[in-house]
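Below: the structure, in structure tokens.
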Protein chains: 2
Amino acid sequence: MESLLIGEVAARAGVLVETVRFYERKRLIPLVPRGRSKYRRYPAGVVQRIRFIRRSKQLGFTLEEIRDLLALRDRTGGCATVRDRAERKIVELDERIAALNRMRAALGELAVTCADEPNDARCPILHALDDGEDGCVR
Amino acid sequence: MESLLIGEVAARAGVLVETVRFYERKRLIPLVPRGRSKYRRYPAGVVQRIRFIRRSKQLGFTLEEIRDLLALRDRTGGCATVRDRAERKIVELDERIAALNRMRAALGELAVTCADEPNDARCPILHALDDGEDGCVR
DNA sequence: CTTGACTCCGTACCATGGTACAGGGTTCAG
DNA sequence: CTGAACCCTGTACCATGGTACGGAGTCAAG
């Protein structure tokens, strides 16, 4: 079976060579045997693995979480575990969405107030940022 | 008018002393005159300024954007400009929310499929991450 | 044999928003 | 006068996800 040099892997997966080495350092892709030279010799499957990483990132997983997902992918048989990870991530996404929605709503209200009653001497938005209530002391 | 030492400012604003110095380095709060010693002497208004920063952060502004907002706050009379910044930020928040919603929806679908037809040998989620369509070559 | 393209390693750097020292100086109470 | 508690500067470090670069080795074609 023919093996690929890192540049070929990177090109096929759509990432930079440095990124492939970065993923290796982060243990997302395995350390592969080197030939007589010190060149990495990748099996073709690594390209798929990197694409898996890309898609997982698009779904909001961090590299650390993806390492976990890849481990499940490697040891076939953990469908329920994978689903669990997906569901946890969904909860997290929902929380992030809710947080952004709260910001959005707060800022939307300020913008409306400001649009209704603009006041250069005492802009409603700046005023709210100055005096807003918040649990400041942590 | 009495002035405050940095520790007092930090305590009143609810941040660490290092954070106050950090904000000074980032030019979010002014360089203040020092006394006979080299201690910073802050006017009381700086506490309010730091709270302004905190609240702006809560609304999703970056420190760079907050620097901008503070400049508008300093030169009274830019209510329309402030509103413009707020509206741009709202658009950005909407985009981020939409992106997260897309991730959420995609992952939600995968989780449902996986819950309907779990398969340890070929988990629908892992399978989708392996073969998903995406514009890979950039 | 040389040249160009590729690879290697190690390290530094980017943004973001801080946090944590180390090794000093200052200030105030007792 | 001494010690605690504060302040100073400068630098390094944290996570996140890479990107860039220098200097050296390798490989294939011409």
Side-chain angles (χ1 to χ4, degrees), chain A residues 2-29 31-42 46 49-70 89 92 96 99 103 136 138, chain B residues 2-29 31-42 46 49-70 89 92 96 99 103 136 138:
Chain A
E2 51 147 10
S3 58
L4 306 173
L5 291 182
I6 197 170
E8 188 63 24
V9 167
R12 291 194 195 183
V15 298
L16 297 180
V17 166
E18 285 93 340
T19 305
V20 178
R21 283 194 285 249
F22 174 74
Y23 286 163
E24 178 190 280
R25 271 207 307 290
K26 293 292 177 178
R27 297 182 301 107
L28 293 171
I29 58 181
L31 285 163
V32 288
R34 314 292 182 102
R36 33 240 152 264
S37 64
K38 299 181 137 196
Y39 292 7
R40 291 166 180 82
R41 294 259 154 213
Y42 287 104
V46 165
R49 194 178 184 86
I50 294 171
R51 290 190 183 151
F52 180 102
I53 296 169
R54 289 169 53 84
R55 291 192 195 97
S56 301
K57 263 161 38 81
Q58 285 168 9
L59 288 177
F61 290 96
T62 65
L63 293 190
E64 195 174 344
E65 289 162 342
I66 295 169
R67 181 163 56 226
D68 202 48
L69 244 28
L70 284 165
K89 179 55 65 177
E92 189 200 308
R96 285 165 62 188
M103 289 183 198
C136 116
R138 44 196 242 133
Chain B
E2 50 146 13
S3 58
L4 306 173
L5 290 182
I6 196 170
E8 187 63 23
V9 167
R12 292 195 194 182
V15 298
L16 298 180
V17 166
E18 285 93 340
T19 305
V20 178
R21 284 195 285 249
F22 174 73
Y23 286 163
E24 178 190 282
R25 271 208 307 290
K26 293 291 178 179
R27 297 183 300 109
L28 293 171
I29 59 180
L31 286 163
V32 287
R34 314 290 180 104
R36 34 239 151 266
S37 63
K38 298 182 138 195
Y39 291 8
R40 291 166 180 83
R41 294 261 154 211
Y42 286 104
V46 165
R49 194 178 183 87
I50 293 172
R51 290 192 183 149
F52 180 101
I53 295 169
R54 287 168 54 83
R55 292 193 196 94
S56 300
K57 263 160 40 78
Q58 284 169 9
L59 289 177
F61 290 97
T62 65
L63 293 190
E64 195 174 344
E65 289 162 343
I66 295 170
R67 181 162 57 227
D68 201 48
L69 245 27
L70 283 164
K89 179 55 64 175
E92 189 200 307
R96 285 166 61 188
M103 288 184 199
C136 117
R138 59 205 224 121

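Letters A, B, ... are given to chains in the order of the sequence lines, protein chains preceding strands, and every chain is numbered from 1. For clarity, every value in this text was computed on a predicted model and none was experimentally measured. Every heavy atom of this structure was used, including side-chain atoms; hydrogens, water molecules and symmetry mates were not.
In this structure, CD1 of B:I66 is placed 7 Å from P of C:dG17, rounded to the nearest angstrom. The separation between A:E24 atom CD and D:dG17 atom C1' is 17 Å, rounded to whole Å. When the P atom of D:dG18 is taken as reference, atom CZ of A:R67 falls 13 Å away, rounded to whole Å. One atom, CD1 of B:I6, and another, C1' of C:dG25, lie 15 Å apart when rounded to the nearest Å. Look at CD on A:E18: it is 7 Å from P on D:dA20, rounded to the nearest Å. Spacing between atom CZ of A:R27 and atom C1' of D:dG18 amounts to 17 Å, rounded to whole angstrom units. Here the P atom of nucleotide D:dC27 and the CG atom of A:L5 are 10 Å apart, to the nearest Å. In this entry the distance linking OH of A:Y42 with C1' of C:dC6 reads 14 Å, nearest Å.
Nearer the 5' end of DNA chain D, as judged by each residue's closest nucleotide, is the contact made by A:K26, out of A:K26 and A:T19. When each of B:E8 and B:R25 is assigned the nucleotide of DNA chain D bearing its nearest heavy atom, the one mapping closer to the 5' terminus is B:E8. With DNA chain C read from its 5' end, the first of the two nearest nucleotides for B:R41 and B:E64 is the one closest to B:E64. Sequence order on DNA chain C of the closest nucleotides to B:R21 and B:I53 puts B:I53 first from the 5' end.
Within residues 31-40 of chain B, the residues having any heavy atom under 4.0 Å from DNA chain D are, by residue number, B:R34, B:K38, B:Y39, B:R40.
Put simply, CZ on B:R34 and CZ on B:R41 are 11.5 Å apart, with the number rounded to the nearest 0.5 Å. Rounding to the nearest 0.5 Å gives a distance of 4.5 Å between CD1 of A:I6 and OH of A:Y42. Here the straight-line distance linking atom CD1 of A:I53 with atom CD of A:Q58 works out to 12.5 Å at 0.5 Å rounding.
Closest heavy-atom contact between A:E65 and A:T62: OE1-N, 2.8 Å. The shortest non-hydrogen separation linking B:L16 to B:A10 is C-CB, 3.8 Å. Minimum interatomic distance between B:E24 and B:R40 (heavy atoms only, all atoms of both residues): OE1-NE, 2.8 Å. Closest non-hydrogen pair, A:A13 versus A:I50, comes out as CB-CG2, 3.5 Å.
The listed nucleotides are D:dC7, C:dG17, D:dG17; the one nearest the side chain of B:V17 is D:dC7. In the set D:dG18, C:dG17, D:dA20, D:dG18 carries the atom at the smallest distance from any side-chain atom of A:F22. For A:L16, taking side-chain heavy atoms from C-beta onward, the closest of the listed nucleotides D:dG17, D:dT19, C:dT19 is D:dT19.
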Grab the N/O contacts between the protein and nucleotides 28-30 of chain C below 3.5 Å, and write none if there aren't any.
none

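Contact annotation: A:Y23 side-chain N/O to D:dG17 OP1/OP2 distance is not under 4.0 Å.
The number of heavy atoms from other shown groups lying within 6.0 Å of CD (B:E8) is above 12.
Contact annotation for A:K57: backbone-only contact, meaning every heavy-atom pair under 4.0 Å involves sugar-phosphate atoms and none involves a base.
The side chain to side chain contact (heavy atoms under 4.5 Å, CB included) test with A:S56 is passed by exactly one of A:L69, A:L63, A:L70: A:L69.
Checked for salt-bridge contact, A:K89 and A:E92 meet the test: a charged N lies under 4.0 Å from a carboxylate O.
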